[in-house]
**Q** 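First, the structure itself, so that you have it in front of you.
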Amino acid sequence: MAATRIMPCHIGNGKTILSSIKESLDYGKNPDKTRDGEFISSYECSPQTAEYEFLISKKQYEYTTGRSQNKKNDILFYQIRQSFKPDTITPEKANQMGYELAMRFTKGRHAFI
């Protein structure tokens, strides 16, 4: 059993869109939590360049649709955090479950890491 939290991520105070995305992704790519990146999975993007790819996707959406949100209400992306009780699941299984959840959440239509 996992505790799951889905959080909309916005632009941080005094930060750029890119730095806000990078800061949040860096939290998830923490080498201490991912066994130096062994447990980082992604879909339709590279973990090494995801913040740039997400920024480009956002700009493409704005260009294509002509729509953008004001800075205060702008959701850059969603972060999903799952927590498990200690010693109830292997890191491999937790990574697999996280990937499957992200795939179901995005329906395979959006990149994620």
**Q** Pair E62, R67 - check side chain to side chain contact (heavy atoms under 4.5 Å, CB included), show working.
**A** CA-CA 5 Å; E62 290 175 0; R67 295 184 294 191; over 6 Å; no
**Q** CG of N95 to CZ of R35: how many Å apart, nearest 0.5 Å?
**A**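 Taking CG in N95 and CZ in R35, the distance rounds to 10.5 Å.
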**Q** I need the full list of salt bridge (Lys or Arg N to Asp or Glu O under 4.0 Å) pairs touching residues 4-24, with sequence neighbours left out, sorted by first then second residue.
**A**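 Output for this query lists K15-E23, K22-D26.
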**Q** Between C45 and S42, which heavy-atom pair has the shortest distance, and what is it?
**A**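 That would be O-OG, 2.9 Å.
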**Q** Kindly state each residue pair satisfying side chain to side chain donor-acceptor pair (under 3.5 Å) with at least one member in residues 97-113, sequence neighbours excluded.
**A**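 Non-adjacent pairs meeting side chain to side chain donor-acceptor pair (under 3.5 Å): Q96-E100.
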**Q** With sequence neighbours excluded, what pairs up with S24 under the side chain to side chain donor-acceptor pair (under 3.5 Å) test?
**A**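 Here the qualifying residues are Q79.
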**Q** As an exercise, state the distance from NZ of K29 to CD of Q48, rounded to the nearest 0.5 Å.
**A**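 Those atoms lie 7.0 Å apart.
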**Q** Who else is in I6's hydrophobic cluster (ILVMFWY, side-chain heavy atoms under 4.5 Å, direct or via others)?
**A**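 Traced through the cluster, I6 reaches I75, Y78, I80, L101, F105.
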**Q** Which pairs, with at least one residue in residues 7-51 and sequence neighbours excluded, count as a ring pair (Phe, Tyr, Trp, His ring centres under 6.0 Å)?
**A**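 Those involving residues 7-51 are Y43-F112.
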**Q** Please check if any side-chain donor atom of Q60 sits under 3.5 Å from a side-chain acceptor atom of T64, or the reverse.
**A**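 No, no side-chain donor-acceptor pair sits under 3.5 Å.
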**Q** Under a single-linkage rule joining Ile, Leu, Val, Met, Phe, Trp and Tyr whose side-chain heavy atoms are separated by less than 4.5 Å, which residues share a cluster with L76?
**A**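 Members alongside L76: I11, I17, L18, I21, L25, I40, Y52, F54, L55, F77, I113.
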